Trainee: 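Let me begin by handing over the structure; questions about it come next.
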Amino acid sequence: MYNFKEVEQKWQKKWEEEGTFNAKNDYTLPKWYGLIEFPYPSGQGLHVGHPRSYTALDIVARKRRMQGYNVLYPIGFDAFGLPAENYAIKNHIHPKITTEQNVAHFKQQLKSLGFSFDWSREINTTDPDYYKWTQWIFIQLFKKGLAYKATMPINFCTGCKVGLANEEVVNGVCERCGSPVVQKEKSQWMLKITEYAQRLIDDLDDVDFLDKIKAQQKNWIGRSEGAEVNFKIKDTDDSLLIYTTRPDTIFGATYMVISPEHPFIEKHKDMIQNLSEVKEYQEKAAMKSDFERAELNKEKTGIEIKGIKAINPLTNEEISIWISDYVLITYGTGAIMAVPAHDQRDFEFAKKFKLPIKLVIKSKTEDIENKELEEAFTGVEDGVSVNSGFLTGLDSKDAINKAIEYIEENNLGKRKVNYKLRDWVFSRQRYWGEPIPMVYCEDCGWVPVPEEELPLKLPEIQDYEPGENGESPLAKQTDWINTSCPHCGKPAKRETDTMPQWAGSSWYYLRYMDPHNDKEFVSKEALEYWSPVDWYNGGMEHTTLHLLYSRFWHKFLYDIGKVPTKEPYQKRTSHGMILGENGEKMSKSKGNVINPDDIVREFGADSFRVYEMFMGPFDQTAPWSMESIRGCSKFLDRVWSLQDILVDGDEYSKEFENMMHKAIKKVGNDIEEMKYNTSVSTFMTMVNEFSKAKKINKKEFETFIQLLNPFAPHMTEELWERLGHTDSLAYQPWPEYDEAKTIDDLIDLPIQVNGKLRANVEIQKDEDKESVKEKVHQNEKIKTYIEGKEIVKEIYVPNRIYNIVVK
RNA sequence: GCCGAUAUGGCGGAACUGGUAGACGCACUAGACUCAAAAUCUAGCGAGAAAUCAUGUGGGUUCGAGUCCCACUAUCGGUACCA
C-alpha cells in the first residue's frame, strides 16, 4: 500500500536540502522563465485556487527541466496591503508581525504541495532590501516627469478613509472593504500611465497573450478618435472646449452640456443669473460617486446655466449651456456639444428638457427624415450628412474627415485621440506600504530622497489609525516627518502617504532574476539572460490592473535603458476560479471553504495536484468535489500497484508500443495547451490497459513515470528510485515519440447508410478504395440495408468513414 | 444596454481541420473476497420493448452537424452615460 505521507516528506526534504529546483547561474544554457502571481499572505492561509495556477505552471516548469532548459520558477510574497493593517488596528498587533506569521504559514503550505519553486530566490515586497528598489523606480519616474502631484477630485472610500484609483472602485463601493465611495478633493501623487496608452495598445501585437486578455486590455485603455472644438461664449472673449468623436454632427449641436465640476462655472459666476440653483446642483452631484451618477440617472437630471449663451461655430446660432452629471470631468474636456438627434444620451436629455432636436444625418437604409425620432440615429456606416452646409451629401466617414479639416483650417480646434485610461492615483493615506521617498521644501518644492539614502524605511509605530481627514498614520510621526531638504539643507517635511499595493507587484518578476543584488535592482547580465518572462499565468481579474501597471513600469524602465525588452511577459494565460461544492464562490459566510491542508492530510499532495488538473478545463470555472478527488487518489494507488505486475524489457512491447507513442505525444501537447484534464485521462486509460493485461515492462513503466512526474512528482520520484535509479527523475530527458508509431495499423472503419451508422468493418491502414468497397458490400448488415435500393452515391473518407446513400 | 464566455447522461467532463457523441472519472447496479462492513477486484451503466430518439430552443447548409450559418433562450464574467 502506498504511504503518501512518508514518501512526500522524504522527497520534499531531499529537494529542499539539495536545492534540486534552484535555477542555475550558468547563462550559457537555454533558459525558461515561468511565473505565477505571487500570493498576498492573508490570514486565512492558502486558498485551493492558488494551487490550480501553481500546479499548472509547475507542470510546465518540470517538463522544461526534462527538456534540458535552465528553469527559473520563482516564488515570493506580495505582503503590503490593507488586510494586515486593518487587522493591526483591530487587534493592536504590528502588521510586520502578522505578515511574518502569515508568510511562514503560506511557506509551509506551499512546500507541502511539492512545487518546484526556487526558494533561494524568495522575495517579499515588505523587505527593505526589496522596497529600496521600488522606491528607486519611483524616483526615476519622478525625474522623468511621470510622477506628479495633483489636486483633483478622487474617489474617497468612507470606510478605509483612503483615496482609491478609479480601477479600485467596483460597483460604486470600495473593492476591498465594500464601503461607499464619494468624491473628494485631495492632493495626490499620480503616475502618468496615460503617456503610455498608445504603446500599451500597439505592443500587444508582439506578445502571445490570450485573445480575450488582449481585448480586455484594449477596451480598458479605450482609444477613440475625434476632435476638440472651441465653442465661443457670447459677449465674452472666452470659449468652451469640447471633445467629440462625431465632428460631422456639429451642425446638429443645439445646446451644450458641461460637467458640474467644470471650472467654467466659477469663472463666469458673475454672469450666471441662477447661480444658487447651479450651486445646489453642483453640491448634489459632488455627493455622488461616478457609479451612482450613472446608476441613478436612468432619468437625466440637469439645469440650464441662465445668462450665458454659446455660439455654434458652424451654424453661428446661439445655443444654451446646461450642466448635468452625465458629463464627466474626468473624460475628454469635461464639456460636450449636444447633438440630440445623433447621440442617445443627448436625445434623452433633450426630450426631457424640451430642447431642439435637429436631424443632420440621414440613413441609407431607412427613412428617418419624415417621421418623429424615437431614438437617436447613431450609425456611421449607413449615414449621410443632411442640413449640414458644406458637409451635406457626404457619407458619414468622409464627413468626419472633412469636418476636421475645416475645423483645423479655421482654427476652431484640432484632431484629437482620447483614451478612457486615466492616470494612476499612486498615493495611499495608509501605514502598511512603501513610504514615498519624497521631501517637501518650502524653497525647492518636491525633492526626492537621495538614492544613496534608500531604502527610506517605514518607521515602527503603534497607532495605525488613519487621520480624521484621511491623512496617513505617518502624518502623526513628527520625528520622522521633519527632515532637511536634500537640495538646500533647510528644514523640510517628508511625504506621509505610502504607495499602493500595486507598486511592489509591478516589477517583482525582474527582482527574481537577481534577488540578492545590493548594488542594482537587477544586474544587466541577469536581465539579458532571463528576460522576458516566457510564460505568465494569473487570474483574469488582474488583466486590467496589475497586468497593465506592470507593463507600464516595464516600458518606462525600457525607455531609461534599464531593461532589454519592451514587454515584460512573452505569454500570458489565465486560469478559472474554483468554486465550492455547492457551485458558489467559496466564502467563510457560506461555509463552503475547502482548506488545502485538510486535503493534503487526507489524500496527499500528489492526489491534490492530479485532482486540480483533472477537475475540468483549466481556463474555466470549476466546482470542488470531494467525491472526485477520491477517484484521483485511487488512480495513484493503482499506479503504485503496477509494481506488482512489472516484467523485464528494455523496449516497448509490441502490445503497447502504439499506446506509448500516442501517450507521449498527447501528454506533451496537452501540457503546452494547458489541457491537463485530458492528460490525466490518458494516464488513467494507460493504467487500465496495463492492469487488464496484468503486465507492464520496465521500459514502459519508466516512460509512464516520466510522463506522470510533472503531475505527481513525489510518487514518481519514489518509483524511479525503486526501479534502481540513483539520479533524480526531475532531470531525466523528456520521452520522445515516433509519429509513425502513433498511427494504428488496423482500423475499425464505421459504415453509414444515409448518414446513419449501420456497421463497422476492419481494414488495413491506407487500404485501397476498391478493396474497402468490396468489404463494405459483403458485410451482412449492410446488405440488408441496401438490398433492392438504388445506390445514389458512395463516399469514402480514407481511414475515417464510409457512407452509402440509397433511395 | 454593450462586450466576452458557456450550455453535452444523475454529476465533473471527452470528441483532431464537419466523419462511430458520451473518452476518463464520480455516483449507481450486480458479482467475487469477507461472519459482516469498508477497501479492493470483475462486469454493467443516455432514453426507449423496438423502430428509433438524443449535445439549451427553432430553422438552414451538407452524403454526414456537438462542431458551420441565421434567429432565439438561459447562466456566468467584465463594464457602466467615455461625448
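Not measured: the values here are computed from a predicted model. Letters go in sequence order (proteins before strands), and every chain restarts at 1.
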Trainee: Is there a side-chain contact between A:Y243 and the phosphate of B:A83, meaning an N or O under 4.0 Å from OP1 or OP2?
Mentor: no
Trainee: C1' atom, B:G56 versus B:U8: distance in rounded Å?
Mentor: 10 Å
Trainee: Could you work out the separation of B:A47 and B:G9 based on their P atoms and round it to a whole Å?
Mentor: 12 Å
Trainee: What interatomic distance, in whole Å, is found between C1' of B:A39 and the corresponding atom of B:U73?
Mentor: 47 Å
Trainee: Let me spell it out: for each of A:R345 and A:I804, pick the nucleotide of RNA chain B with the closest heavy atom. Which residue's pick is nearer the 5' end?
Mentor: A:I804
Trainee: For A:R551, what residues pass the side chain to side chain donor-acceptor pair (under 3.5 Å) criterion, not counting sequence neighbours?
Mentor: A:Q217, A:E567
Trainee: Check the pair A:K783 / A:E780 against salt bridge (Lys or Arg N to Asp or Glu O under 4.0 Å), numbers first and verdict last.
Mentor: CA-CA 5 Å; A:K783 275 185 187 165; A:E780 291 302 323; 3.6 Å; yes
Trainee: Expressed as a whole number of angstroms, how long is the span from A:N754:CG to B:U62:P?
Mentor: 15 Å
Trainee: Return whichever of A:A335 or A:E627 has its heavy-atom-nearest nucleotide of RNA chain B closer to the 5' end.
Mentor: A:E627
Trainee: For A:E627 and A:S625, does a side-chain donor sit closer than 3.5 Å to a side-chain acceptor?
Mentor: no
Trainee: Side-chain donor-acceptor pair under 3.5 Å between A:E37 and A:H542, yes or no?
Mentor: yes
Trainee: Between B:A37 and B:G31, how far apart are the P atoms? Round to whole Å, please.
Mentor: 11 Å
Trainee: So, using side chain to side chain donor-acceptor pair (under 3.5 Å) as the criterion, who are the partners of A:D745 when residues are at least two apart?
Mentor: none
Trainee: Which nucleotide sits closest to the side chain of A:Y326: B:C81, B:C24, B:A83?
Mentor: B:C81
Trainee: State plainly whether the residues A:R415 and A:E225 are in salt-bridge range, i.e. N to O under 4.0 Å.
Mentor: no
Trainee: To the nearest Å, give me how far apart CE (A:M626) and C1' (B:A27) are.
Mentor: 17 Å
Trainee: Protein-nucleotides 47-51 of chain B N/O pairs closer than 3.5 Å?
Mentor:
none

Trainee: Return the nearest nucleotide to the side chain of A:K420; candidates are B:A83, B:C63, B:C82.
Mentor: B:C82
Trainee: Could you list the residues that satisfy salt bridge (charged side-chain N to carboxylate O under 4.0 Å, His left out) with A:K352, not counting sequence neighbours?
Mentor: A:E299
Trainee: Anti or syn, where syn is a glycosidic angle within 90° of 0; which label fits B:G9?
Mentor: syn
Trainee: State which residues pass side chain to side chain donor-acceptor pair (under 3.5 Å) with A:S239; sequence neighbours excluded, sorted by chain then number.
Mentor: A:N230
Trainee: Distances under 3.5 Å only, N/O to N/O: pair up the protein atoms with those of nucleotides 40-44 of chain B.
Mentor:
| from | atom 1 | to | atom 2 | distance (Å) |
| --- | --- | --- | --- | --- |
| B:C41 | OP1 | A:R638 | NH1 | 3.2 |

Trainee: If the C1' atom of B:G25 is compared with that of B:U57, how far apart are they to the nearest Å?
Mentor: 30 Å
Trainee: Walk me through whether A:N418 and A:S224 qualify under side-chain hydrogen bond (donor to acceptor under 3.5 Å, both in side chains).
Mentor: CA-CA 5 Å; A:N418 258 340; A:S224 69; 5.5 Å; no
Trainee: Answer with base, sugar-phosphate or nothing: what part of the nucleic acid does A:G222 contact at a heavy-atom distance below 4.0 Å?
Mentor: nothing
Trainee: When every nucleotide of nucleotides 3-19 of chain B is labelled 5' to 3' by its protein contacts under 4.0 Å (heavy atoms), B for base, S for sugar-phosphate only, - for none, what sequence of letters results?
Mentor: ---------BSSSB--B
Trainee: Regarding A:N537 and A:T573, do their side chains bring together a donor and an acceptor under 3.5 Å, going by distance alone?
Mentor: yes
Trainee: Determine the Euclidean distance between corresponding P atoms of B:G22 and B:A27; express it in Å to zero decimal places.
Mentor: 22 Å
Trainee: For residues 412-419 of chain A, which residues have at least one heavy atom under 4.0 Å from RNA chain B?
Mentor: none
Trainee: Looking only at side chains, do A:E794 and A:H777 share a donor and an acceptor under 3.5 Å apart?
Mentor: yes
Trainee: Just to be sure I understand the rule, does A:T244 reach a base, reach only the sugar-phosphate, or reach nothing, if contact means heavy atoms closer than 4.0 Å?
Mentor: sugar-phosphate
Trainee: So does A:E228 pair up with A:K414, basic N to acidic O under 4.0 Å?
Mentor: yes
Trainee: Anything under 3.5 Å between a donor and an acceptor, one on a side chain of residues 673-684 of chain A, the other on a protein residue two or more places apart or in another chain? List them.
Mentor:
| from | atom 1 | to | atom 2 | distance (Å) |
| --- | --- | --- | --- | --- |
| A:Y676 | OH | A:A56 | O | 3.0 |
| A:T678 | OG1 | A:D670 | OD2 | 2.7 |
| A:T678 | OG1 | A:K675 | O | 3.0 |
| A:S679 | OG | A:D670 | OD2 | 3.3 |
| A:S681 | OG | A:N677 | O | 3.1 |
| A:S681 | OG | A:T678 | O | 3.3 |
| A:T682 | OG1 | A:T678 | O | 2.8 |

Trainee: Between B:C26 and B:G59, how many Å separate the two C1' atoms, rounded to a whole number?
Mentor: 37 Å
Trainee: Of all the choices, B:U20, B:C24, B:C81, which nucleotide is nearest to the side chain of A:M684 once you look at every atom?
Mentor: B:C24
Trainee: For A:K397, does the NZ atom have more than 12 heavy-atom neighbours from other residues, nucleotides or ligands under 6.0 Å away?
Mentor: no
Trainee: Side chains of A:Y331 and A:S259: do they bring a donor and an acceptor to under 3.5 Å?
Mentor: no
Trainee: Take the protein atom CG of A:L241 and the nucleotide atom P of B:A83, then report the distance between them rounded to whole Å.
Mentor: 15 Å
Trainee: Whole angstrom is fine here: how far is it from CD in A:Q216 over to C1' in B:U79?
Mentor: 9 Å
Trainee: Using a 4.0 Å heavy-atom cut-off, does A:N688 contact any base of the nucleic acid, only the sugar-phosphate backbone, or nothing at all?
Mentor: sugar-phosphate
Trainee: Over how many whole Å does the gap from A:M577 atom CE to B:G78 atom C1' extend?
Mentor: 12 Å
Trainee: Identify every side-chain donor-acceptor pair in residues 245-256 of chain A under 3.5 Å, counting partners at least two apart or on other chains, and give the distances.
Mentor:
| from | atom 1 | to | atom 2 | distance (Å) |
| --- | --- | --- | --- | --- |
| A:R246 | NE | A:D248 | OD1 | 3.1 |
| A:R246 | NH1 | A:T378 | O | 3.3 |
| A:R246 | NH2 | A:D248 | OD2 | 3.0 |
| A:T249 | OG1 | A:R246 | O | 2.7 |
| A:T254 | OG1 | A:P356 | O | 2.8 |
| A:Y255 | OH | A:D346 | O | 3.0 |

Trainee: Could you write out RNA chain B as dot-bracket? Rules: Watson-Crick or G-U wobble, both distances under 3.5 Å, brackets [ ] for crossings, | for pairs with another strand, dot for unpaired.
Mentor: (((((((..(((......[....))).(((((.......))))).((....))..(((((..]....))))))))))))....
Trainee: For B:C76 versus B:C81, give the span between their P atoms, rounded off to a whole number of Å.
Mentor: 23 Å
Trainee: Given atom CE of A:M540 and atom P of B:G78, what is their separation to the nearest angstrom?
Mentor: 10 Å
Trainee: Listed by chain and number, what are the side chain to side chain contact (heavy atoms under 4.5 Å, CB included) partners of A:D738, not counting sequence neighbours?
Mentor: A:H661, A:A740, A:K741
Trainee: Separation of A:E581 atom CD from B:C26 atom C1', in whole Å?
Mentor: 12 Å
Trainee: In whole angstrom, give the distance that lies between atom CG of A:L210 and atom P of B:G78.
Mentor: 17 Å
Trainee: Examine A:K300 relative to A:Y326 and say whether NZ or CZ is less than 6.0 Å from the centre of the six-membered ring and inside a 45° cone about the ring axis.
Mentor: yes
Trainee: Give a yes or no on whether A:D748 atom CG has more than 12 heavy-atom contacts from other residues, nucleotides or ligands under 6.0 Å away.
Mentor: yes
